[in-house]
Amino acid sequence: MQQKFYKYQGTGNDFVMIDNRQQTFDKNNTNLVADLCDRRFGIGADGLILLENHESYDFKMVYYNSDGNESTMCGNGGRCLVAFAKHLGVISENAVFEAIDGLHHASIKDGIVRLQMQDVTSVLKKDDHIFLDTGSPHHVQFEDAIDTFKIKAKGSKIRYGAPYFEEGSNVNFVKHIDNDTFRLRTYERGVEDETLSCGTGATATAIAMHYIGETEKNIISIQVEGGKLEVSFDFEDGIYTNVWLVGPAKFVFEGTI
C-alpha cells in the first residue's frame, strides 16, 4: 500500500500530515503510525495528524504521538493542520475544527497561525512546580541551567514518577528572561524525549507564570528551541479565557511512502 503524506513543522515541532477525508488510513494500526514517525526507518516526526471531514465544522483533527497512540491536544499540531487545510483548499483564512478536547477557532495569514485554545479553569501550585491542563496535562517548573541540563533524564523521571506514573504528564522547564519573555524546554510524553517546541506546553507555561505572579502581562513571548511562540489570554475570577497560541506553521515537503 502506498500512502501520500505531507510534512509540516511549527517552531521545530514536526508532523506527518495525511488527508483522510476519504477514510483510507488505518487508524487502529499503531505500528503503522509509529513506523511513519520513525526518524530512521520512516518519514520522521514528533507526531502524525489526520485531517478528516466533519459534518458541522471545517474539519476534524485526529492526533497521534510518535509512539503510535492517539493522544491529547497538540497546539503546534493544530496550528500546522490549519496550514495544511488551507493548502488543501478546505479553508481560506479562518477555520473552526474539532479536536479531541473540543472545538477550536483559528486563522492563518502570511504563514502565521492563531489558534484558540481551551479555557483553563484550574491551576495547581505545588511547592516546586505548577500543574495545569491546556488540552494536554503539563508540569511546569523553573530550571536556571536550562541550556545545559539533561532534559531527557530529568523529564523522564518526573513524567513517570509520582503523582503521574504511567498516565504521565508533559514536563516543562522554564527560565524567566524578562517581564514578558520566558525560555522553555519541554519533555513530551508519547515522544518520550525533548521536542523543539510544544504548543500546549508554551500555553501552560505562559498561564503558569502569570498565575504565580512572575509576570502581570497577558501577552507573553515563549522562546522554545525551535523559535518563538506568543500566548495571550484574558484572566478574571481565577479563570483563563480567550487563550490564543500564535506562531509560524510551515510546509516542509510531501511524498509517497
Side-chain angles (χ1 to χ4, degrees), residues 6 8-10 13-21 23-34 36-37 45-85 88 90-91 95-107 113-122 131-139 159 164 166-172 186-192 195 197-204 207 229 231 233 240-245 247 249:
Y6 301 78
Y8 277 76
Q9 62 90 7
N13 207 183
D14 59 341
F15 307 95
V16 173
M17 298 288 189
I18 293 176
D19 179 359
N20 197 40
R21 288 177 291 173
Q23 294 292 313
T24 57
F25 189 82
D26 185 358
K27 297 196 290 186
N28 296 316
N29 191 337
T30 57
N31 290 331
L32 173 62
V33 174
L36 291 174
C37 291
D46 293 325
L48 182 145
I49 305 176
L50 304 178
L51 185 146
E52 298 186 344
N53 287 320
H54 194 286
E55 60 182 10
S56 302
Y57 304 106
D58 293 310
F59 55 88
K60 180 181 179 181
M61 172 183 178
V62 182
Y63 174 68
Y64 300 85
N65 280 326
S66 61
D67 64 3
N69 294 305
E70 189 172 357
S71 189
T72 48
M73 180 58 184
C74 176
N76 286 329
R79 293 191 309 98
C80 286
L81 192 62
V82 171
F84 182 44
L88 294 176
V90 175
I91 64 166
V96 181
F97 67 92
E98 183 182 55
I100 194 168
D101 63 338
L103 289 183
H104 292 266
H105 293 259
S107 64
V113 178
R114 294 174 47 83
L115 175 66
Q116 188 172 28
M117 306 296 285
Q118 299 300 320
D119 293 349
V120 175
T121 59
S122 175
F131 179 82
L132 64 161
D133 194 307
T134 54
S136 290
H138 282 278
H139 171 113
R159 177 256 194 268
Y164 309 120
E166 188 59 33
E167 182 177 349
S169 174
N170 300 286
V171 184
N172 302 272
T186 300
Y187 176 96
E188 283 201 49
R189 66 171 188 174
V191 178
E192 306 310 332
T195 54
S197 178
C198 176
T200 55
T203 304
I207 290 174
L229 294 166
V231 178
F233 48 78
Y240 291 87
T241 61
N242 198 29
V243 181
W244 290 86
L245 173 67

Rounded to the nearest 0.5 Å, how far does [atom2] of [Y] lie from [atom1] of [X]?
{"X": "D101", "Y": "T134", "atom1": "CG", "atom2": "OG1", "answer": "9.0 Å"}
{"X": "D14", "Y": "Y8", "atom1": "CG", "atom2": "OH", "answer": "14.0 Å"}
{"X": "H105", "Y": "M117", "atom1": "NE2", "atom2": "CE", "answer": "13.5 Å"}
{"X": "L51", "Y": "L81", "atom1": "CG", "atom2": "CG", "answer": "4.5 Å"}
{"X": "D19", "Y": "T24", "atom1": "CG", "atom2": "OG1", "answer": "8.0 Å"}
{"X": "L36", "Y": "I18", "atom1": "CG", "atom2": "CD1", "answer": "6.0 Å"}

Quick check: does any side chain N or O of [X] sit under 3.5 Å from a backbone N or O of [Y], one acting as donor and the other as acceptor?
{"X": "Y64", "Y": "L50", "result": "no"}
{"X": "S136", "Y": "M73", "result": "yes"}
{"X": "R189", "Y": "E167", "result": "yes"}
{"X": "H138", "Y": "G201", "result": "yes"}
{"X": "D67", "Y": "N69", "result": "yes"}
{"X": "N170", "Y": "N172", "result": "no"}

Nearest heavy atoms of [X] and [Y], plus distance in Å:
{"X": "Y63", "Y": "T72", "result": "CD2-O, 3.4 Å"}
{"X": "A202", "Y": "L245", "result": "CB-CD1, 4.5 Å"}
{"X": "G47", "Y": "C37", "result": "C-SG, 3.7 Å"}
{"X": "G77", "Y": "M17", "result": "O-CE, 4.0 Å"}
{"X": "C74", "Y": "N13", "result": "SG-OD1, 4.4 Å"}
{"X": "G190", "Y": "N65", "result": "CA-ND2, 3.5 Å"}

task = Mind telling me whether F97 and F59 have parallel, tilted or perpendicular rings, with 30° and 60° as the class edges?
result = parallel
inquiry  = For Y240, give me all partners under side-chain hydrogen bond (donor to acceptor under 3.5 Å, both in side chains), at least two apart in sequence or on another chain.
reply    = H210
key: Residues H139, R159; criterion side chain to side chain contact (heavy atoms under 4.5 Å, CB included); working and verdict   = CA-CA 8 Å; H139 171 113; R159 177 256 194 268; over 6 Å; no
task = For K60 and E98, run side chain to side chain contact (heavy atoms under 4.5 Å, CB included): C-alpha distance rounded to whole Å, both residues' side-chain angles, the deciding distance at 0.1 Å, then the answer.
result = CA-CA 5 Å; K60 180 181 179 181; E98 183 182 55; 4.3 Å; yes
message = side chain to side chain donor-acceptor pair (under 3.5 Å), that's the test. Do D46 and S66 meet it? Break it down for me.
response = CA-CA 5 Å; D46 293 325; S66 61; 5.9 Å; no
request  = Walk me through it: do Q118 and V243 pass the test side chain to side chain contact (heavy atoms under 4.5 Å, CB included)?
outcome  = CA-CA 7 Å; Q118 299 300 320; V243 181; over 6 Å; no
Kindly indicate whether the side chain of [X], heavy atoms from C-beta on, has any atom under 4.5 Å from the side chain of [Y].
{"X": "V62", "Y": "N20", "answer": "no"}
{"X": "N242", "Y": "Q116", "answer": "yes"}
{"X": "F233", "Y": "T203", "answer": "no"}
{"X": "Y164", "Y": "P137", "answer": "no"}
{"X": "R79", "Y": "L229", "answer": "yes"}

inquiry  = side chain to side chain contact (heavy atoms under 4.5 Å, CB included), that's the test. Do E188 and T200 meet it? Break it down for me.
reply    = CA-CA 10 Å; E188 283 201 49; T200 55; over 6 Å; no
query = Going through the checks in order, is the side chain to side chain donor-acceptor pair (under 3.5 Å) test met by N76 and S197?
reply = CA-CA 8 Å; N76 286 329; S197 178; 2.9 Å; yes
